Amino acid sequence: MKEYKYKINGNVYKVAVGDIEDNIAQVEVNGVPYKVELDKPAASTVKVAAPKPSAAPRTSTGEKVISKPQTSGKGASVVAPLPGVVISISVKVGDTVKASDTVLLLEAMKMENAIHAGRDGRISSISVSPGDSVLEGAVLLTIE
């Protein structure tokens, strides 16, 4: 039952609306029950079933559309700390880097994030290109 309070000409009325069958509503005003006839039939409530989730998209070969790049096994990998889009890469294969050097910029949640090398070494491979979307933990580049 839905309950309402009305003030009419200074008088307070407590109105509770109960079940509505066909055009007849069960209404209680200040504790006194009434049957109220409605002008139009009450609209029936339609229950909509929630849509079932669809399967993840796949390529023509059956592989997942978004996948994490595999590691090469040698050297240390610099991985994406969060999902985003690669904006720019400031190193190339063969460059020597220090641990604090920024190696690329990653845009995530409309913010640019500087990704640092994390260790001293030489860039042995770059797994992404500017404009690529990457998932958290995806290998961006490898340092030997």
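All values reported here derive from a predicted model rather than from experimental measurement.
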query = Would you call Lys92-Asp95 a salt bridge at under 4.0 Å N-O?
reply = yes
inquiry  = Looking at Ser77 and Val139, would you say the former's side chain and the latter's main chain have a donor-acceptor pair under 3.5 Å?
reply    = no
inquiry  = Apply side-chain hydrogen bond (donor to acceptor under 3.5 Å, both in side chains) to residues Thr142 and Ser125 and explain how you reach the verdict.
reply    = CA-CA 5 Å; Thr142 308; Ser125 69; 3.1 Å; yes
message = Looking at every heavy atom in both Leu106 and Ala80, which two are closest together, and how far apart are they?
response = CD2-CB, 4.3 Å
ask   = Okay, side chain of Ser124, backbone of Gly75: is any donor-acceptor separation there less than 3.5 Å?
value = no
ask   = Can you get from Val29 to Tyr6 by hopping between Ile, Leu, Val, Met, Phe, Trp and Tyr side chains that sit under 4.5 Å apart?
value = yes
inquiry  = Between Asn23 (side chain only) and Glu21 (backbone N and O only), is there a donor and an acceptor less than 3.5 Å apart?
reply    = no
ask   = With side chains defined as the heavy atoms from C-beta onward, is the minimum distance between Ile126 and Val93 less than 4.5 Å?
value = yes
key: Test item: Asn113 side-chain N/O and Glu107 main-chain N/O as donor-acceptor pair under 3.5 Å   = no
ask   = Can any side-chain N or O of Asp132 pair as donor or acceptor with the backbone N or O of Val86 at less than 3.5 Å?
value = no
query = Does the side chain of Val97 come within less than 4.5 Å of Ile143's, by heavy atoms?
reply = yes
query = Can you find a pair of side-chain heavy atoms, one from Ile115 and one from Leu105, that are under 4.5 Å apart?
reply = no
inquiry  = Tell me the closest heavy-atom pair linking His116 and Val103, and the distance in Å.
reply    = C-CG2, 4.1 Å
request  = Not counting sequence neighbours, which residues clear side chain to side chain contact (heavy atoms under 4.5 Å, CB included) with Ala16? List them please.
outcome  = Met1, Glu3, Glu28
ask   = Is there a chain of hydrophobic side chains (I, L, V, M, F, W, Y, each step under 4.5 Å between heavy atoms) that links Tyr4 to Ile20?
value = no
